[in-house]
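Each remark here refers to the structure printed beneath this line.
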Amino acid sequence: MSALSDRAGSTLSFDALVSLLEKIFLRHGTSAEVARTLAENCAGAERDGAHSHGVFRIPGYVSTLNSGWVNGKAVPAVEDVASGFVAVDAANGFAQPALAAARPLLVAKARSAGIAVLAIRNSHHFAALWPDVEPFAYEGLVALSVVNSMTCVVPHGADRPLFGTNPIAFAAPRADGEPIVFDLATSAIAHGDVQIAARKGELLPPGMGVDSLGQPTCDPKAILEGGALLPFGGHKGSALSMMVELLAAALTGGNFSFEFDWSNHPGAKTPWTGQLLIVIDPSKAAGQNFAERSQELVRQMHAVGLRRLPGDRRHRERSKSNERGIVLEEQTLAQLRELAGQ
Ligand SMILES: NC(=O)C1=CN([C@@H]2O[C@H](COP(=O)(O)OP(=O)(O)OC[C@H]3O[C@@H](n4cnc5c(N)ncnc54)[C@H](OP(=O)(O)O)[C@@H]3O)[C@@H](O)[C@H]2O)C=CC1
Ligand SMILES: O=C(O)C1=NCCCC1
């Protein structure tokens, strides 16, 4: 299938988009539960204007499922490891259904012990990370998650790529307003945004990546075709990316970003790695009401002139989508319908 493109066109409700995406997943070999979970995740990203991980990802999901690289019908096995520790073997399936399966036990442990860890292994994560943490904050919990991806980032000071784009997402409740949420790749730019720039024929800002000879380049195609990305913030982002590899892979039993070989599965796009979540119940902490304290921090940030908090743009996009529907370019919608067999 050709690339999904970006011109504006039809509007769909969130439910209509979920149902269309669900049909695509089902038609390409997932179970009903996996189809629903991935469709809601992907439609949520599109609704929130997180385009690098919205419907843009659907051809990649489809080619991955067609290649046999991932098990779309995997049944995750939840393990009650210790008082504050839950593990899941995602059974070579997607990470989101594994999180969904472990979530009740994770939340119960976090509420009783004050903190709980979820270690997901043998899993594929092809999505934005904020949908994995934001719901905890709506329940009054603080959540932090990391996931590693595929080798495409040169560690600071090294010659060749090793790390993945390895995002970190954080969510915390606040008293008056949407939870505080950020979600960022530890690379200078997400791989998805490089693909989008290449497709649009746009150049990247300096400092994002190198070509196949290790020379700095602003050409996204040179980065994708034999080149590599750089960490954000030099040695600092590189250290965070290393931490993600340790937490998401070494600690969970998942693959490091450099440990899987998908060359026998042409079309495979989903990194086969691991994911870690840490969930904290702030009501167990000493001192004042956490949500009031986080509200105070936001108040003070605004008082010094801050106009945009992480998550503000997404919530603006979400409100717009909820009011007018989710806008998809005609060609994109036609391609999605074709994939759904409609
Ligand atoms: N599954 C995987 O393996 C991977 C997934 N990803 C996903 O890619 C997505 C994009 O990552 P990335 O490109 O790093 O994200 P961005 O750099 O676009 O944004 C990172 C964070 O900073 C916030 N932000 C951006 N600009 C500003 C600003 N001017 N002022 C205040 N806050 C700001 C964003 O909020 P807002 O959203 O409101 O703009 C967001 O929370 C993420 O969802 C990530 O999870 C990335 C790598 C691998
Ligand atoms: O945008 C990225 O970077 C990635 N997203 C999904 C998984 C692979 C890396």
Side-chain angles (χ1 to χ4, degrees), residues 38 41-42 44-54 56-61 64 69-70 94-96 99 120 123-134 137 144-153 161 163-172 177-198 204-205 207-209 220 223-224 228-233 237 240-241 244-245 248-249 254-257 260 262 268-277 298 301-302 305-320:
L38 295 183
N41 176 292
C42 187
E46 193 64 35
R47 175 201 62 203
D48 280 20
H51 298 297
S52 63
H53 292 80
F56 162 75
R57 291 280 163 186
I58 291 297
Y61 275 114
T64 298
W69 171 244
V70 65
F94 291 102
Q96 291 80 7
L99 167 57
I120 304 174
S123 54
H124 296 248
H125 202 295
F126 200 50
L129 199 52
W130 61 262
D132 298 359
V133 293
E134 188 177 71
L144 179 73
S145 185
V146 292
V147 62
N148 61 321
S149 65
M150 69 287 178
T151 289
C152 60
V153 177
F163 296 154
T165 44
N166 299 1
I168 301 174
F170 172 81
E178 293 294 342
I180 299 173
V181 177
F182 73 76
D183 174 16
L184 49 89
T186 51
S187 47
I189 184 170
H191 193 264
D193 282 325
V194 182
Q195 291 175 277
I196 290 173
L204 300 174
M208 305 285 114
I223 292 174
L224 295 173
L229 295 171
L230 296 172
F232 85 87
L240 291 174
S241 191
V244 174
E245 294 287 346
N255 290 319
F256 285 125
S257 296
F260 55 85
W262 47 14
K269 306 277 185 208
T270 60
W272 183 14
T273 55
Q275 178 178 4
L276 192 88
L277 281 106
V298 170
M301 288 192 287
H302 285 153
L306 187 77
R307 299 200 181 282
R308 176 178 167 185
L309 279 175
D312 281 353
R313 182 200 57 84
R314 262 192 324 101
H315 282 287
R316 267 199 310 278
E317 291 298 315
R318 186 180 297 181
S319 302
K320 276 199 268 173

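Counting starts at 1 for both ligands and their atoms, following the listed order.
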Under 4.0 Å from [atom], is there at least one protein heavy atom?
atom: atom 32 (N) of ligand 1; answer: yes
atom: atom 36 (P) of ligand 1; answer: yes
atom: atom 24 (N) of ligand 1; answer: yes

Note to self: Give the residues near ligand 2 by chain and number, with the criterion being a heavy-atom distance under 4.0 Å.
What the structure shows: His53, Arg57, His125, Phe126, Ser149, Met150, Thr165, Ala190, His191, Gly192, Pro271
Look only at interatomic distance and state if [X] has a nitrogen or oxygen under 3.5 Å from any nitrogen or oxygen of ligand 1.
X: Arg308; answer: yes
X: Asp183; answer: yes
X: Ala127; answer: yes
X: Arg313; answer: yes
X: Leu129; answer: yes
X: Phe126; answer: no

Item checked: Location of contacts on Ser187 toward ligand 1, heavy atoms closer than 4.0 Å -> neither
Note to self: For atom 3 (O) of ligand 1, tell me which residue out of Ser149, Ala45, Ser257 has the closest non-hydrogen atom.
What the structure shows: Ser149
Note to self: As an exercise, state the distance from CZ of Arg318 to CG of Asp48, rounded to the nearest 0.5 Å.
What the structure shows: 4.0 Å
Next item on the list: Just need the protein heavy atom nearest to atom 46 (C) of ligand 1, so name the residue and atom and give the distance.
Entry: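 Of every protein heavy atom, Ala185 CB, 3.8 Å lies nearest to atom 46 (C) of ligand 1.
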Checklist line | Contacts of type ring-ring contact (aromatic ring centres under 6.0 Å, His included), residue Phe232, not counting sequence neighbours | finding: none
Next item on the list: Would you please determine whether Gly192 falls within less than 4.0 Å of ligand 1 on a heavy-atom basis?
Entry: no
